[in-house]
Amino acid sequence: MSEKTIPELFGSMVFNEEVMRQRLSSTCYRAWKKCVEEGTPLSLEHAHEMAAEMKNWAMDRGATHFTHWFQPMTGVTAEKHDSFISPDGGRVLMQFSGKELVKGEPDASSFPSGGLRATFEARGYTAWDPSSFAFIKDGSLCVPTIFCSYSGQALDKKTPLLRSMEELSRQAVRVLRLFGDTDVKKVVSQVGPEQEYFLIDRDVCRKREDLMLTGRTLFGAKPPKGQELEDHYFGTIKPRVAAFMRELDEELWKLGILAKTKHNEVAPAQHELAPIYNDANTACDHNQLTMEVMKKVAGRHNMVCLLHEKPFAGVNGSGKHDNWSLSTDTGLNLFKPGSTPSQNARFLLFLTAFIKGVDEYQDLLRCSVANPGNDHRLGAQEAPPAIISIFLGDELTAIVESIIHGTDYVDTSKKILSIGVDTLPSIPQDTTDRNRTSPLAFTGNKFEFRMLGSSQSISGPNIALNTIMAEQLSQFADELEGAEDFTAALHDLIRRTLTNHQRIIFNGNGYEGAWVEEAARRGLSNLTCTADALETYIQPKHIELFRKHGVFTEEELRARNEIHLMNYCEVVGIEARTMIDMVKRDIFPAVSAFSGEVAKNLGLKRSALPDLECSAEEKLLRRLSGLTGEMMRQLEALEEAVAAPKGKDAYEAAHYYKYTVFVVMDALRAAVDELETITSASYWPYPSYVDLLFSVQ
Ligand code: ADP
Ligand code: MG
């Protein structure tokens with residue numbers, strides 16, 4: 001830890017509100033504040049002042065360059081650095097103008113656009129997002145921006161997130177007005193993402209072509225010891241990992257990221273970091289930065305940070321838990337059960353909206369977490385199933401049932417709950433006995449969406465949650481605004497809606513096969529893989545949802561769909577080609593050499609003493625040769641599959657990769673993994689799972 005105290009360190013690399021208040025003229029500061037709070041544009045004059053002060057502040061901290069920092073649809077962040085240098089008659093001046101702050105034109109023709117941007121108008125533009133603070137990273141002033149095409153179509157993950165937050169706020173405020181609330185101006189979705197990751201020794205990792213190229217092991221026999229003993233979970237943190245975590249915290253704090261909890265996860269070498277929650281936009285920026293800083297800091301400790309959803313077969317994969325709630329600018333959490341009848345009515349209305357939204361848009365939520373890495377987790381006995389359902393806990397479920405049936409809600413109180421008239425029994429903010437198998441759990445005052453993949457941007461899932469919620473609130477507001485008797489109408493609406501959407505509530509064990517059957521009976525969808533999930537993405541219902549709320553145009557949604565599908569095909573294609581390369585150049589030669597050695601020894605033993613028992617060598621040689629034959633047959637099949645035509649459109653291509661290419665990859669892996677278990681370790685060309693998982697001591 002540096003000599004600076006944590007409060008001194010925290011946010012020291014962020015041009016935050018406090019810095020603005022100190023450095024900007026009061027008119028400029030107020031103009032910025034108005035811009036963020038009310039959406040009024042900042043004049044060019046104020047943008048100039050803002051830029052100049054940002055530059056001075058950044059130069060005081062050693063920065064020489066600036067960059068617009070944005071989140072293209074690749075899911076990672078992009079930067080293009082320019083120095084502050086500007087020529088001035090043989091000398092240089094350090095400059096950063098308001099124009100440069102507000103708008104940039106990166107040569108961005110190779111970012112995915114899903115056909116939204118023809119190459120002749122390739123230059124998308126970036127525009128400053130004044131609601132996220134600029135910061136310094138690697139000697140550059142980073143200005144968070146949105147990224148759009150010239151005709152204004154979103155080419156990034158931030159633009160639609162901001163749009164969804166605004167729309168949700170608008171609809172939520174409408175509903176709050178019905179409860180007589182005239183103070184609230186804004187409702188903000190709050191997000192706290194818990195990030196899982198693996199740490200592997202870099203020297204060991206570098207010997208694995210699959211890890212280096214694809215982020216996961218494409219081969220690897222199961223280790224004799226995995227996570228069975230559960231001795232890693234919340235276990236003592238190893239010194240090398242502790243040093244990494246210390247430095248990571250420090251780097252994140254400098255960037256104003258509220259890194260809070262850190263602990264070991266279930267699998268060996270797996271860890272988790274949770275920040276304190278923030279508004280969804282900031283949380284998303286921060287999570288992107290966190291993933292980037294994790295990789296960088298790991299490198300300094302000669303380790304590799306793996307963010308892939310499933311680096312190791314047979315060992316728990318990594319996800320992200322997206323804790324999501326709604327809070328007002330007056331400091332109210334709308335998912336917190338209240339203590340007065342009116343607060344409770346409000347809580348129940350928001351809860352009901354959420355339940356209805358999730359039930360109606362299950363497929364959309366499923367699509368928002370679909371990626372090739374996550375296909376290895378969802379439904380695989382370690383992560384939530386691919387079926388969407390909501391865990392409410394016993395107390396809340398009892399209340400919901402009593403509303404539906406008009407019966408006593410708690411045995412002891414013998415009372416029928418009348419919404420808007422009665423208070424709820426207290427609902428404990430349960431922290432211990434939570435159902436970990438549920439994909440979407442109510443945890444006292446927020447929902448925890450647990451299906452996200454560890455490597456993915458949290459933007460998509462939060463866009464989905466925000467927009468779904470906005471839609472339900474707008475429907476509710478439409479109905480209630482015209483009601484003569486508000487309390488009666490509210491009661492009726494809540495009761496009717498809960499009755500119609502009760503099927504989405506499930507408090508049982510989501511890992512059990514019985515749930516799959518039960519969910520099918522309830523008519524819930526079960527989209528087990530990315531290719532199947534994405535088939536539902538651009539259905540008319542989804543296009544209409546996003547269009548109505550101004551989050552995506554139809555064109556933008558179709559473009560995103562195209563990008564996801566192509567990405568899926570590319571990822572599986574790269575994995576297949578990597579496997580082919582590894583087998584041909586490393587695994588086959590190694591197995592062949594080892595078989596030769598066994599054959600040679602067998603011959604030597606036989607010629608030494610013809611009646612010598614050689615059954616072990618014989619058996620081994622036969623097994624080696626049999627499996628080698630099988631491996632090479634699957635290799636040929638895979639080469640053919642990868643070379644074959646992929647279908648007439650992106651959907652067919654994705655299905656081809658899933659149901660043809662991937663199936664052969666599995667068969668090839670099975671043969672190779674078995675060979676690994678019978679080949680001498682000194683011949684095997686790659687570090688084993690034990691070498692990898694226990695590489696950091
Ligand atoms: P657990 O692992 O038990 O789920 P953690 O403490 O690891 O709990 O993570 C909980 C996450 O939820 C943290 O990021 C926390 O800041 C966040 N969180 C807490 N309250 C809220 C809220 N009202 N809205 C959104 N996120 C929240
Ligand atoms: Mg959690």
Side-chain angles (χ1 to χ4, degrees), residues 7-8 10-70 82-86 88 92-105 125-137 140-148 152 158-159 161-163 165-166 169-170 173 182-188 254-257 278-283 285-286 327-331:
E8 272 175 336
F10 189 80
S12 58
M13 290 298 177
V14 185
F15 193 77
N16 56 25
E17 186 161 355
E18 184 54 30
V19 179
M20 285 190 225
R21 214 151 45 83
Q22 283 168 12
R23 299 191 76 123
L24 300 174
S25 67
S26 60
T27 51
C28 182
Y29 169 74
R30 278 203 306 273
W32 167 79
K33 205 135 170 90
K34 214 160 166 256
C35 168
V36 172
E37 282 169 6
E38 292 163 35
T40 44
L42 204 65
S43 70
L44 191 59
E45 190 191 328
H46 285 139
H48 274 314
E49 182 181 336
M50 179 73 87
E53 276 316 311
M54 271 187 190
K55 181 205 66 186
N56 293 339
W57 169 85
M59 283 176 57
D60 288 350
R61 282 153 190 78
T64 50
H65 288 64
F66 70 93
T67 177
H68 277 193
W69 182 81
F70 56 104
D82 282 301
S83 74
F84 292 129
I85 285 177
S86 142
D88 179 43
V92 290
L93 282 179
M94 298 301 264
Q95 274 186 338
F96 182 43
S97 70
K99 270 197 184 129
E100 287 171 309
L101 164 68
V102 171
K103 191 168 169 181
E105 296 188 22
Y125 70 91
T126 51
W128 178 39
D129 163 23
S131 66
S132 351
F133 299 131
F135 56 90
I136 299 172
K137 183 168 68 72
S140 280
L141 171 70
C142 298
V143 178
T145 59
I146 59 162
F147 178 42
C148 286
K158 189 189 262 283
T159 310
L161 179 63
L162 290 169
R163 290 174 183 163
M165 288 172 74
E166 243 170 64
S169 176
R170 201 165 19 244
V173 169
T182 49
D183 296 336
V184 172
K185 288 206 212 63
K186 205 168 163 181
V187 171
V188 182
K254 280 191 215 162
L255 291 168
I257 298 173
N278 230 315
D279 70 86
N281 180 31
T282 306
D285 284 358
H286 282 182
S327 87
T328 66
D329 55 353
T330 52

**Request:** Could you grab the distance from atom OG of S131 to atom CG of D285, nearest 0.5 Å is fine?
**Result:** 8.0 Å
**Asked** For the side chain of E49 and the backbone of S25, is there at least one donor-acceptor N/O pair under 3.5 Å apart?
**Response** yes
**Request:** Over 60° means perpendicular and under 30° means parallel, so classify the ring planes of W69 and F135, tilted if in between.
**Result:** perpendicular
**Request:** Please report the shortest heavy-atom distance between E105 and T126, naming the atom on each side.
**Result:** N-OG1, 4.4 Å
**Asked** With a 4.5 Å limit on heavy-atom distance, are the side chains of F133 and V19 in contact?
**Response** no
**Request:** Please tell me if the side chains of T145 and D129 come closer than 4.5 Å, counting only heavy atoms from C-beta onward.
**Result:** no
**Prompt:** Rounded to the nearest 0.5 Å, how far does OG1 of T64 lie from CG of D82?
**Reply:** 11.0 Å
**Request:** Check whether any side-chain N or O of H48 sits under 3.5 Å from a backbone N or O of G98 as a donor-acceptor pair, and report yes or no.
**Result:** yes
**Message:** Any heavy-atom pair between the side chains of M50 and W128 that's under 4.5 Å?
**Reply:** yes
**Fill in**
All heavy atoms of L255 vs all of I136, minimum pair found to be CD2-O, 3.5 Å
**Request:** Give the minimum heavy-atom separation between C148 and T159, together with the two atoms involved.
**Result:** SG-OG1, 4.2 Å
**Item:** From NZ (K186) to OG (S327), nearest 0.5 Å
**Value:** 10.5 Å
**Request:** Rounded to the nearest 0.5 Å, what's the gap from CZ on F66 to SG on C142? Could you check?
**Result:** 11.5 Å
**Asked** Under 4.0 Å between a Lys/Arg side-chain N and an Asp/Glu carboxylate O for E166 and R163?
**Response** no
**Message:** What verdict does the salt bridge (charged side-chain N to carboxylate O under 4.0 Å, His left out) test give for D60 and R23, after you've listed the backbone C-alpha separation in whole Å, the side-chain angles of each residue and the deciding distance to 0.1 Å?
**Reply:** CA-CA 13 Å; D60 288 350; R23 299 191 76 123; 3.4 Å; yes
Identify all side-chain donor-acceptor contacts of residues 33-42 below 3.5 Å with residues at least two apart in sequence or on another chain.
residue : atom : partner : partner atom : Å
K33     : NZ   : E17     : OE2          : 2.8
K33     : NZ   : E37     : OE2          : 3.3
T40     : OG1  : K34     : O            : 3.3

**Asked** Do you know the tightest heavy-atom contact between H68 and L101?
**Response** NE2-O, 3.1 Å
**Asked** Which ring-ring contact (aromatic ring centres under 6.0 Å, His included) pairs, counting each pair once, include a residue from residues 15-47, with sequence neighbours left out?
**Response** F15-W57
**Prompt:** How about M94 and I85: do any of their side-chain heavy atoms sit closer than 4.5 Å?
**Reply:** yes
**Prompt:** Got a second to check how far K137's NZ is from M13's CE, nearest 0.5 Å?
**Reply:** 12.5 Å
**Prompt:** Say you draw a straight line from CZ of R30 to CG of L24; how long is it, rounded to the nearest 0.5 Å?
**Reply:** 12.0 Å
**Prompt:** Of all heavy-atom pairs between V188 and M165, which one has the smallest distance, and what is that distance?
**Reply:** CG1-CE, 4.0 Å
**Prompt:** For N281 and S132, which heavy atoms make the closest approach, and how far apart are they?
**Reply:** ND2-OG, 3.5 Å
